[in-house]
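As C-alpha cells, the structure follows; a few thoughts come after it.
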Amino acid sequence: MSSDKTNWVNISGEGGVIESKGTLDILEFDTQEARYVKFQGVKRATVFGNSFFEFEVYSPGHIPEYKELISKMEFLLSKVNENSKLHQLLLQVLNRYPYDANRPIDPMKTLIKQIEE
C-alpha cells in the first residue's frame, strides 16, 4: 500500500509472498493510511500467470464486531431446527462471509436476538 505510488509498504507477511492453493486468503494487518493498494504477482501460479477472483480492502470499522457476530451465528446454526426459516437465514448470512463485511451489522444483530429469545 502507498500514499504516493512511489513508496510501498508490503503487508503480505513473512517473506512478502502469499502462498495460496485456490482458497480464501484473508490478510489482517495494523491500520495504515494509504491511498493506493496493489497486487503484485512475483511467481506464476500456472502457465497463464496469476489469477484471483476478488481483491478487497476494508477499513477496520466494525470488522471485529462482524467476526464476533459470525461466530455467534455459526454456534446458533446447530441450535435451530434445520427446516426453519431462521436456519435458512443463518445459512444465507454465513455463506456470504466475509464478502458482506462492509454491510450494516444491525440486521445480523436482530437475527441473533430473534434466535436467542
Side-chain angles (χ1 to χ4, degrees):
M1 71 182 78
S2 173
S3 295
D4 58 10
K5 286 176 91 174
T6 302
N7 301 300
W8 292 92
V9 175
N10 187 346
I11 58 93
S12 61
E14 281 187 41
V17 177
I18 302 166
E19 300 272 341
S20 182
K21 302 294 182 209
T23 60
L24 174 66
D25 297 304
I26 298 175
L27 301 177
E28 295 185 39
F29 51 93
D30 292 335
T31 302
Q32 297 181 23
E33 189 170 322
R35 183 173 180 187
Y36 306 97
V37 177
K38 72 176 177 177
F39 167 85
Q40 182 175 357
V42 294
K43 182 179 176 186
R44 289 178 170 233
T46 67
V47 294
F48 302 108
N50 297 290
S51 64
F52 51 91
F53 179 75
E54 202 166 342
F55 180 84
E56 298 179 15
V57 179
Y58 298 103
S59 62
H62 61 255
I63 298 296
E65 187 176 7
Y66 174 80
K67 286 182 174 182
E68 185 180 316
L69 291 171
I70 290 295
S71 293
K72 281 185 181 179
M73 290 181 154
E74 287 174 338
F75 172 76
L76 292 171
L77 186 63
S78 64
K79 304 293 181 192
V80 297
N81 183 333
E82 287 186 27
N83 298 320
S84 71
K85 179 77 169 168
L86 288 174
H87 192 271
Q88 291 174 350
L89 289 172
L90 283 170
L91 282 177
Q92 285 176 0
V93 173
L94 292 172
N95 285 335
R96 290 291 305 152
Y97 169 75
Y99 307 110
D100 284 346
N102 273 346
R103 286 199 176 170
I105 58 176
D106 287 337
M108 294 171 67
K109 289 179 178 179
T110 302
L111 179 59
I112 289 172
K113 195 173 190 175
Q114 285 178 333
I115 295 169
E116 290 179 332
E117 290 177 347

What side-chain donor-acceptor pairs closer than 3.5 Å can you find for residues 78-86, not counting sequence neighbours?
from: Ser78; atom 1: OG; to: Phe75; atom 2: O; distance (Å): 2.9
from: Asn81; atom 1: OD1; to: Asn83; atom 2: N; distance (Å): 2.8
from: Ser84; atom 1: OG; to: Asn81; atom 2: O; distance (Å): 2.8
from: Ser84; atom 1: OG; to: His87; atom 2: N; distance (Å): 3.1

Is there a side-chain contact (heavy atoms from CB on, under 4.5 Å) between Asn7 and Asp4? Walk through the geometry before answering. CA-CA 7 Å; Asn7 301 300; Asp4 58 10; 2.9 Å; yes

For the pair Ile115 and Met73, evaluate side-chain contact (heavy atoms from CB on, under 4.5 Å) and give the outcome as yes or no after the intermediate values. CA-CA 9 Å; Ile115 295 169; Met73 290 181 154; over 6 Å; no

Interatomic distance, Leu111 atom CG to Glu116 atom CD [nearest 0.5 angstrom]: 10.0 Å

Work out which heavy atom in Tyr66 is nearest to a heavy atom in Ile105; give both atom names and the distance. CD1-CG2, 4.1 Å

How many angstroms lie between NZ in Lys72 and CE in Met108, if you round to the nearest 0.5 Å? 10.5 Å

Could you tell me the separation between the CG atom of Leu89 and the CG atom of Leu77, rounded to the nearest 0.5 Å? 11.0 Å

Set out, in order, the CA-CA distance, both residues' side-chain angles and the distance that settles side-chain contact (heavy atoms from CB on, under 4.5 Å) for Val93 and Ile70, then state yes or no. CA-CA 8 Å; Val93 173; Ile70 290 295; 4.2 Å; yes

Less than 4.0 Å between a side-chain N and a carboxylate O, is that true for Glu65 and Lys109? yes

Verify the cluster assignment for Phe39 and Tyr36: are they in a single hydrophobic cluster under the rule of side-chain heavy atoms below 4.5 Å apart? no

To the nearest 0.5 Å, how far apart are CD in Gln114 and CG in Leu90? 10.0 Å

State, to 0.1 Å, how close Glu33 and Ser3 come at their nearest heavy-atom pair, and which atoms those are. O-OG, 3.4 Å

